[in-house]
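The next block holds one structure in the form of structure tokens; read it before the comments.
Just so we're on the same page: letters track the sequence lines, and every chain starts at 1.
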Amino acid sequence: MRIATWNVNSIRARVDRVTAWLERSDVDVLAMQETKCKDAQFPVLPFEAAGYEVVHHGLNQWNGVAIASRVGVSDVEPAFPGQPGWGEPAAAEARALGATCGGVRVWSLYVPNGREVADPHYVYKLGWLAALRDAAKEWTSPDAPPTLLVGDWNVAPRDEDVWDPAFFEGRTHVTAPERDALTALEDVGFTELTRAYTEGQFTYWDYTQLRFPKRQGMRIDLAYGSPSAAAHVVGAAIDREERKGKGASDHAPVVLELDT
DNA sequence: ATGACGCGGTGACCGCGA
């Protein structure tokens, strides 16, 4: 089974590219982030024509997460247990969608950006990741299905995961508390699954400043697996070709290969 | 070649992304 994650940066602007990629990539499940639309606006027909069912969670033009699957989708959850909200008063955002596809529990996650270290959004980001860790504790028990947490984590786990650590000094995505929040996932039994197969590669390049042709990117799109999921991983790849050309998302798709 | 930001919604700008 092949499972991919991709921050598509608006599914309505990108649906032709995304479905064309699906049709030639032999991917069974695609987790998408930043669909930027409400459920009724999601273009399901092109996915169905390609042979995929789609579940989507979108409340407005911000955020939005989806899962397309050609191996079934069941037990859909539009948030993880304890997921914090944002705003005054705090309200749930469309940043997490869980579904069981081909026997694997897949979570499509769009972690809050954080904006700046001094911004309340940064506090929200850390709280969101802490709550996810608490929920994930329950997903490593022997009777839980193999679980994958995939998406745009908005954290570069190591210095080598950004093109210039000095550029990011004092900025979000690289701070110790953010990195510790990912380590905490490992402490409850999850393992990052893509790095071993994609060393030195990035998943995101800013649209500005010629970041992509200059190879100035970040590794922020990651896949964490529970022990029973990690045991089945036999490969991973970042499809950098998809960042090229007019109409590309600023993120590349990340593909995970399982021996199931 | 991989090339100088791009979404959506609103209203001819702005919020947001990272």
Can you measure [X] atom [atom1] to [N] atom [atom2] for me and round it to whole angstrom units?
X	N	atom1	atom2	answer
W205(A)	dG6(B)	CH2	P	16 Å
L210(A)	dA4(B)	CG	P	6 Å
K214(A)	dA4(B)	NZ	P	11 Å
L59(A)	dG9(B)	CG	P	14 Å
K246(A)	dC5(B)	NZ	C1'	11 Å

Can you tell me, in whole Å, how much space there is between the [atom1] of [N] and that of [M]?
N	M	atom1	result
dG6(B)	dG11(B)	P	24 Å
dG8(B)	dA12(B)	C1'	15 Å
dT2(B)	dC13(B)	P	35 Å
dG15(B)	dT10(B)	C1'	11 Å
dC7(B)	dA18(B)	C1'	14 Å

Let me know, please, whether G247(A) or R215(A) comes out on the 5' side of the other along DNA chain B by nearest nucleotide.
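The residue mapped nearer the 5' terminus is R215(A).
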Can you list everything that forms a side chain to side chain donor-acceptor pair (under 3.5 Å) with S141(A)? Sequence neighbours excluded, please.
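In terms of side chain to side chain donor-acceptor pair (under 3.5 Å), with neighbours along the sequence ignored, S141(A) is linked to D143(A).
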Over all strands shown, is E241(A) touching base, sugar-phosphate only, or nothing at heavy-atom distances under 4.0 angstrom?
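Counting heavy atoms under 4.0 Å across all strands, no contact is made by E241(A).
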Of all the nucleotides listed (dT2(B), dG9(B), dC7(B)), which has the minimum atom distance to the side chain of F212(A)?
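Taking heavy atoms from C-beta onward, the closest nucleotide is dT2(B).
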In terms of side-chain geometry, is the basic nitrogen of [X] or [Y] positioned less than 4.0 Å from the acidic oxygen of its partner?
X	Y	result
D159(A)	R179(A)	yes
R70(A)	D26(A)	yes
K137(A)	D134(A)	yes
D187(A)	R133(A)	no
R14(A)	E242(A)	no

I'd like to know whether F202(A) forms a side chain to side chain contact (heavy atoms under 4.5 Å, CB included) with R240(A), so could you lay out the CA-CA distance, the side-chain angles of the two residues, the decisive distance to 0.1 Å, and finally the verdict.
CA-CA 8 Å; F202(A) 297 137; R240(A) 191 178 181 281; over 6 Å; no
So if I define the base as every atom that isn't primed, P, OP1 or OP2, how would nucleotides 10-18 of chain B read as a B/S/- string at a heavy-atom cutoff under 4.0 Å?
-----BSSB
With syn defined as a glycosidic angle within 90° of 0 and anti as everything else, classify dA4(B).
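Anti.
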Under 4.0 Å from OP1 or OP2 of dG9(B): is there any side-chain N or O of R12(A) that close?
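R12(A) to dG9(B) OP1/OP2: side-chain N or O found under 4.0 Å.
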Please tell me if R14(A) has a side-chain N or O lying less than 4.0 Å from either OP1 or OP2 of dC7(B).
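For R14(A), the contact criterion (side-chain N or O under 4.0 Å from OP1 or OP2 of dC7(B)) is met.
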